[in-house]
Every structure is written in structure tokens, then in C-alpha cells.
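The structure under discussion appears below in the form of C-alpha cells.
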Amino acid sequence: MNQPIPVILDCDPGHDDAMAILLAAANPAVELLGITTVSGNGSLDKVTYNAQRICTLAGIAPPIARGANDPLVGKASAAPTIHGASALDGAELPEPAYDVSPLSAVELIAELVRECDRPVTLIPTGPMTNIASFLLAHPELHSRIEKISFMGGSVTRGNWTPYAEFNIWADPEAADVVLTSGLPIVMTGLNVSHMALATPEVLDRIDALGTHLATTCVDLLKFFAHTYRDVFGMPDPPLHDPVAVACVIDPSIVSTEFLPVSIELNGTLTRGATVVDVHSVTGREANVHVAMDLNVDRFWNMMMDSIRDLG
Ligand code: BDR
Ligand code: CA
């Protein structure tokens with residue numbers, strides 16, 4: 001058996017971030033070295049508390065470090081309409097069994113990357129402020145990064161503005177730093193994450209696992225379904241963030257195209273858009289492996305295994 005791939009999850013839990021934590025913690029193909037938090041789906045305090053509570057619920061204890069409260073430029077804006085007032089509404093969650101790290105997110109990422117005996121994969125599933133700050137502060141550690149698999153953007157349209165997906169919209173300058181870093185990048189955008197729908201059949205499968213964790217996941221996903229119906233009119237909610245983890249566990253779960261992707265930093269209507277040059281008309285160098293399709297059955301099997309294995 002190959003050694004597991006060391007990963008750091010940088011997230012803003014958030015219902016789908018919570019499921020990404022479970023997948024990264026449980027799947028034996030990856031080793032979750034640590035979790036860093038960033039304001040996005042809620043304030044930094046809320047999403048950090050949520051990461052602690054999800055880890056406690058799942059009986060795992062990776063180090064958790066607090067990251068950025070605001071984007072590289074300007075002030076944070078949260079997404080309470082989707083994830084509720086706590087940023088993780090819908091279920092009773094335990095109080096944290098352990099404290100956050102005294103290190104900042106950037107310090108923890110640097111320490112974990114420096115100390116790991118193999119190159120580390122970074123998985124941002126929120127605004128990419130922490131990851132950009134780490135890359136800017138530690139150019140000497142770039143060679144220790146295997147790749148960055150992020151959830152954000154879209155090949156098609158956005159969800160927070162007509163052209164911008166929430167994670168990129170929340171910190172376009174950070175996304176630009178990451179995408180121009182020269183590191184190997186995999187993008188899971190809305191065009192693919194909207195295939196990972198938590199349908200009633202999926203909820204039944206989770207429920208049938210019969211554990212407290214499974215029941216809690218179902219409660220969380222029912223809340224998420226409710227807000228997705230109200231806000232976007234979608235019958236089932238897309239579980240965006242775990243797809244970026246699944247791409248690391250098994251890259252063949254998505255088909256990708258290596259394409260030029262740029263972030264719109266200005267634009268009167270389009271700030272935060274991911275400009276994906278699908279037909280190579282700009283002459284720009286390809287910089288991102290863009291997910292174009294997802295094996296939905298294998299994705300949900302992976303999620304089921306994780307929830308079952310965490311007990
Ligand atoms: C992204 O935004 C957040 O609401 C989700 O957690 C996901 O990371 C989808 O646009
Ligand atoms: Ca997220």
C-alpha cells in the first residue's frame with residue numbers, strides 16, 4: 001500500500017466544508033495533517049468553532065489553526081443565507097473537545113509543510129486568503145507543495161454574482177496569487193460540484209448507516225437542502241467542497257482539462273469571475289487542471305465509506 005498523501009484542509013465550515021473534513025479525515029489514501037480556517041460562510045470565530053465541533057463529533061483531533069478574518073483587500077462578507085446563523089445550522093453538535101492551535105493558519109501550514117517528509121497537498125474549500133498569504137510569506141516552501149486542489153470558480157456562471165462563485169468572489173486577489181503561483185493547481189468549480197447533489201436517495205443511504213454521526217450528517221444536509229431550495233430554487237443541494245478532496249484521493253474521479261484560467265480583479269459586473277479559456281483563444285499559458293466531469297457514483301460511495309468508517 002502506498003503511503004497516504006499528506007493534506008492540509010483550509011476551510012470555512014459550512015455544511016459542505018464539514019463533509020470535506022469527514023472525507024479527508026477518514027479516507028486512507030490521505031493523511032489529514034491539519035485544518036486551517038478562514039472567514040467565508042461565517043465569521044472566523046464561527047467557522048473555527050464549527051471545525052472544532054465537527055472534529056469532536058467525528059472523534060478526530062487534527063490541529064486546527066485560525067486564519068484570516070478579512071480578504072487580502074477590503075472587508076469580509078459572510079454567506080449566512082446558505083449556511084444559517086451559526087454557519088452550520090441544522091443539527092445538535094458537541095462542544096469542542098480540544099482547543100485551537102496557538103499558531104496562526106499561515107504558521108501552522110508552514111510548520112506542517114516544513115516538517116512533513118513528503119510534499120504536501122493543500123485543499124482550500126473557502127476563500128483562498130490563507131493559502132495566498134502562506135505562498136507570499138514562504139516562497140522557500142513552494143517546492144514542498146505537491147499541488148493545490150481548490151473548490152471555487154466555475155467554467156460556466158457563478159452563484160454569488162452572475163459570473164463569480166462565492167469563494168473566489170470573497171477574495172479575488174488571493175485566488176489570483178494562487179493561480180499565478182506556478183504550482184500545480186486543480187480546480188473544482190460549480191460546473192462539477194453541481195453534479196454532487198445530496199438527493200433524498202443519498203440522504204437515505206447516509207441514514208441507513210445508523211450511527212450518530214450519520215444522523216447528524218442527514219440533519220445538516222436537510223438544512224442545507226432547505227436553504228438551497230429557498231435561495232437558488234435547486235431541488236437538491238450540491239456538496240461542493242468534498243469534491244476537491246475526492247480529486248486528491250482519486251484523481252480519476254474527475255476528468256480534467258489543462259487550461260488557462262485567470263481571475264477577474266476589476267470588472268464592473270464580473271469581479272471574482274474565473275475566466276476559463278476553454279478554446280485557448282487568449283494565447284495564455286495553461287495554468288490550471290480544470291475539472292470538467294465527475295463520476296458521481298464513485299464520489300458518493302467514497303462519502304458513504306468515510307461516514308461509516310468514522311463510526
Ligand atoms: C462554496 O461556497 C460556500 O458556500 C461553500 O462552502 C463552497 O465552498 C460554493 O460556492
Ligand atoms: Ca466552503
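Counting from 1, the numbers follow the sequence of the chain as shown. All values below come from the heavy atoms of this structure, side chains included, with hydrogens, waters and symmetry mates left out.
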If you count heavy atoms of other groups shown closer than 6.0 angstrom to CZ of R114, is the number above 12?
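Counting neighbours around CZ of R114, more than 12 heavy atoms of other residues, nucleotides or ligands fall under 6.0 Å, so yes.
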Within 6.0 Å of CD in E140, more than 12 heavy atoms from elsewhere
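Yes, CD of E140 has more than 12 neighbouring heavy atoms, counting only those of other groups under 6.0 Å.
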Donor-acceptor side-chain pairing of [X] and [Y] below 3.5 angstrom:
{"X": "T36", "Y": "D10", "result": "yes"}
{"X": "D277", "Y": "T282", "result": "yes"}
{"X": "D45", "Y": "S43", "result": "no"}
{"X": "N301", "Y": "R298", "result": "no"}
{"X": "R66", "Y": "S104", "result": "no"}

Under the side chain to side chain contact (heavy atoms under 4.5 Å, CB included) criterion, do L269 and T161 qualify, and how do the steps go?
CA-CA 8 Å; L269 302 171; T161 73; over 6 Å; no
Verify same cluster id: [X], [Y] (apolar side-chain graph, 4.5 Å):
{"X": "L9", "Y": "M151", "value": "no"}
{"X": "L190", "Y": "W160", "value": "no"}
{"X": "F134", "Y": "I185", "value": "yes"}
{"X": "F166", "Y": "V261", "value": "no"}
{"X": "I123", "Y": "I21", "value": "yes"}

[Y] backbone acceptor or donor facing [X] side chain under 3.5 Å:
{"X": "N287", "Y": "L179", "answer": "yes"}
{"X": "N130", "Y": "T37", "answer": "yes"}
{"X": "T227", "Y": "I82", "answer": "yes"}
{"X": "S154", "Y": "R157", "answer": "yes"}
{"X": "S101", "Y": "L103", "answer": "yes"}
{"X": "N191", "Y": "V155", "answer": "yes"}

Do you know which two heavy atoms are closest between [X] and [Y], and how far apart they sit?
{"X": "N50", "Y": "R53", "answer": "OD1-NH2, 3.0 Å"}
{"X": "L44", "Y": "G67", "answer": "CD2-O, 3.0 Å"}
{"X": "N69", "Y": "S39", "answer": "O-OG, 3.1 Å"}
{"X": "M292", "Y": "L259", "answer": "CE-CD1, 4.1 Å"}
{"X": "V243", "Y": "A196", "answer": "CG2-CB, 3.8 Å"}
{"X": "S149", "Y": "P124", "answer": "O-CD, 3.2 Å"}

Point-to-point distance, once rounded to the nearest 0.5 Å, from [atom1] of [X] to [atom2] of [Y]:
{"X": "T274", "Y": "M187", "atom1": "OG1", "atom2": "CE", "result": "4.0 Å"}
{"X": "L213", "Y": "R308", "atom1": "CG", "atom2": "CZ", "result": "12.5 Å"}
{"X": "I8", "Y": "L112", "atom1": "CD1", "atom2": "CG", "result": "4.5 Å"}
{"X": "S262", "Y": "R284", "atom1": "OG", "atom2": "CZ", "result": "3.5 Å"}
{"X": "M19", "Y": "I54", "atom1": "CE", "atom2": "CD1", "result": "8.5 Å"}
{"X": "M303", "Y": "S306", "atom1": "CE", "atom2": "OG", "result": "5.5 Å"}

What I'd like to find out is whether the side chain of [X] reaches to under 4.5 Å of the side chain of [Y], using heavy atoms alone.
{"X": "S133", "Y": "L72", "value": "yes"}
{"X": "V30", "Y": "P4", "value": "no"}
{"X": "P62", "Y": "I60", "value": "yes"}
{"X": "H138", "Y": "V106", "value": "yes"}
{"X": "F224", "Y": "D89", "value": "no"}
{"X": "E95", "Y": "Y49", "value": "yes"}
{"X": "L239", "Y": "L221", "value": "yes"}
{"X": "Y163", "Y": "E264", "value": "no"}

Verdict with supporting geometry, T216 and L93, side chain to side chain contact (heavy atoms under 4.5 Å, CB included):
CA-CA 8 Å; T216 308; L93 294 173; 3.7 Å; yes
Strictly below 4.0 Å, N to O, side chains only: are [X] and [Y] in salt-bridge contact?
{"X": "R118", "Y": "E31", "value": "yes"}
{"X": "K222", "Y": "D219", "value": "no"}
{"X": "D236", "Y": "R229", "value": "no"}

Could you go through the salt bridge (charged side-chain N to carboxylate O under 4.0 Å, His left out) check for E115 and R144 one step at a time?
CA-CA 10 Å; E115 287 179 358; R144 306 282 308 139; over 6 Å; no
Evaluate the criterion side chain to side chain contact (heavy atoms under 4.5 Å, CB included) for residue pair V248 and V7; output intermediate values, then yes/no.
CA-CA 9 Å; V248 177; V7 302; 4.0 Å; yes
Chi angles and distances behind the side-chain hydrogen bond (donor to acceptor under 3.5 Å, both in side chains) call for N41, H83
CA-CA 7 Å; N41 288 327; H83 300 270; 3.2 Å; yes
Between S193 and H240, is the side-chain hydrogen bond (donor to acceptor under 3.5 Å, both in side chains) condition met? List the steps.
CA-CA 5 Å; S193 70; H240 312 276; 2.6 Å; yes
With side-chain hydrogen bond (donor to acceptor under 3.5 Å, both in side chains) as the criterion, how do D17 and T125 come out once you've worked through the C-alpha distance, each side chain's angles and the decisive distance to 0.1 Å?
CA-CA 7 Å; D17 301 83; T125 62; 2.9 Å; yes
Report the C-alpha distance between D171 and T129 in whole Å, list the side-chain angles of each, state the deciding distance to 0.1 Å, and finish with yes or no for side-chain hydrogen bond (donor to acceptor under 3.5 Å, both in side chains).
CA-CA 7 Å; D171 195 342; T129 322; 2.7 Å; yes
